[in-house]
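This report concerns only the one structure given below.
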Amino acid sequence: MTTANTEKPAQISREELFKNIISHSKEYGFVFPSSEIYDGLSAVYDYGQLGVELKKNIREYWWKAMTQLHENIVGIDAAIFMHPTTWKASGHVDAFSDPLIDNKDSKKRYRADVLIEEHVAKIEGKIDKEVEKAAKRFGATFDEKMYRTTNPRVLEYQKKAEEINARFKSALEKNDLAEVQQIIVDCEIVCPVSGSRNWTDVRQFNLMFSTQMGSVSEEAGTIYLRPETAQGIFVNFLNVQKTGRMKIPFGIAQTGKAFRNEIVARQFIFRMREFEQMEMQYFVKPGEEMKWYEFWKQARMKWHNSLGIAQDKYRFHDHIKLAHYANAACDIEFEFPFGFKELEGIHSRTDFDLKNHEQFSGKKLQYFDPETNSSYVPYVIETSIGLDRMFLALLSNSYKSETLEDGTIRDVLNLPAFLAPVKVAVLPLVKKDGLPEKAREIMDVLKFDHLCQYDEKDSIGKRYRRQDAIGTPFCITIDHQSLEDSTVTIRHRDDMRQERVSIEKLPAIVEDKVSMKKALKTLTY
RNA sequence: GCGGAAGUAGCUCAUUUGGUAGAGCAUCAGCCUUCCAAGCUGAGGGUGGCCGGUUCGAGCCCGGUCUUCCGCUCCA
């Protein structure tokens, strides 16, 4: 556009904002593309020196909110490797072992097995039509059984259908995808949308990453990298309930890595192949699940609100179409730079998981309720938040490129102080006159409580800006007056205001400003 | 997976038709000593994503490949 508004700088687009956030993340050591020197690995990212701190702080805040503030919620750390049967019981093995095929013209993707089954059904339909016609023709004397076993046309159709079924079955058994595709070609199956036979190869899509355990490469040696942490909680339900003397309702919390072989992984750390979940499974009495579902919806939203992010950045999204195991489900969505997207899921999972694990393991996964003097399989309310998504939510919400009154630009991360990677920067005003020594003394006191940075390079203003860019909430500046009366200034990141305080009181003041305690106290349940 | 675009220093980007690879910021060392970036001097940093082809000569042209972004598709 040549007629661009030259007076006001154009509002940067959301895409540009997102790009800036990604650049900023890399430039200051929050997030790097994985294996970058080898051109990166698709949809995998590494957390850098500041990213790891921010991520750790978010995790800790979630963990404390869940376990420390709820007497009836305890944490575990289950292994990433789990017995393969776990994933049969959970439904993950069957849910995503489908052979997929694309039509090149319509660009539609189909399950190859469904295409073939539909084709067979069509042939069988033809048989029924023949039978119907014959029945009309012969009237009361019609012997359907006889007709089906003797009529040449019917027999031909039947033979065809059986042949296809047999071929398909054997192809599946041999896991021969080329043969599956050949069946589609031979049957002259067309795409319902484009009507063409222009098919891609058949590909097996596996959601779960697998690997081998032990040196024997038999089928039993194949194990999966968990696609969700929840199952580690379910298989430990009895262990925790018994050893922790837990009474229903109670919860088990867990944070940890999960792995999904996404078809399309995009949008930076929003959808990664390796990611970290923070999940809590809450076991309740059957019939009380909706009460607790509502409770956790509110409780989780309260947690988000305690981070000081504007309420209109969040919304609930109720699931209309429910997964087979759920009787209620919703997402907490956050307005990322690329729109409202799922940040956390709250699901009423019924007794689906525990019941299936009972069935597959043969172990009784029930709770004895002394009140009713009976046992039951508890219902489960799940809260599941993506740690990486929360990280991105905080980052995209706090990244600002401000234009100050004097026209200069200030990049700042308005992170909640208790989550900031670096809590305090200790800065001697100048690099002489004993100020660095004094600053070091202060550093040596504060470093036992908080992650601090010492910086004496460049002008003081430049150092403030550097700290702003990584979200450090407070800068302590040691000046000449400090040597005389043992006071320093604390400079606030968000409004650049400064206050003078005595060095003696510094530890208490800083602790009060960066402690998680205040935020946790707002989470009254 | 399909279509489109892109890949040059840590970041943002230049390099008019093919002819020795640059800037700003950042980083480091020194000077200056100053409470809100951009003072001075100097330095380091690039096999132009990778592989191949055309050419006397390729960052630029061609092919392949990898990665990223946008749209579609998929997302138990």
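Residue numbers begin at 1 in each chain, while the letters A, B, ... track the order of the sequences.
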* Structure fact -> Stems in RNA chain B, runs of 3 or more consecutive Watson-Crick or G-U wobble pairs with both distances under 3.5 Å, sorted by first number, are B:1-7 with B:66-72, B:10-13 with B:22-25, B:27-31 with B:39-43, B:49-53 with B:61-65
* Asked: Does any pair with a residue in residues 408-430 of chain A pass salt bridge (charged side-chain N to carboxylate O under 4.0 Å, His left out), and if so which ones, sequence neighbours excluded?
  -> E402(A)-R410(A), R410(A)-D468(A)
* To do: Could you name each residue pair satisfying salt bridge (charged side-chain N to carboxylate O under 4.0 Å, His left out) that touches residues 227-236 of chain A, not counting sequence neighbours?
  => E228(A)-R349(A)
* With K438(A), which residues qualify under salt bridge (Lys or Arg N to Asp or Glu O under 4.0 Å), at least two apart? -> E441(A)
Protein N or O to nucleotides 6-10 of chain B N or O, pairs below 3.5 Å:
residue	atom	partner	partner atom	Å
G10(B)	O3'	K26(A)	NZ	3.4

Between the protein and nucleotides 29-34 of chain B, list every N/O to N/O distance that falls short of 3.5 Å.
none

* **Any residue meeting salt bridge (Lys or Arg N to Asp or Glu O under 4.0 Å) with D495(A), in chain and number order, not counting sequence neighbours** => R497(A)
* **Partner set under salt bridge (Lys or Arg N to Asp or Glu O under 4.0 Å) for K257(A), not counting sequence neighbours** => E274(A)
* Asked: Can you list every pair that meets ring-ring contact (aromatic ring centres under 6.0 Å, His included) and has a residue in residues 400-439 of chain A, with sequence neighbours left out?
  -> Y61(A)-F418(A)
* **Those residues of residues 470-479 of chain A lying under 4.0 Å from RNA chain B by at least one heavy atom** => T477(A), D479(A)
* To do: For F352(A), enumerate each residue passing the ring pair (Phe, Tyr, Trp, His ring centres under 6.0 Å) test, keeping only those at least two apart in sequence or located in another chain.
  => H324(A), Y325(A)
* May I ask you to list the residues of residues 379-388 of chain A, by number, that have any heavy atom positioned under 4.0 Å from an atom of RNA chain B? => none
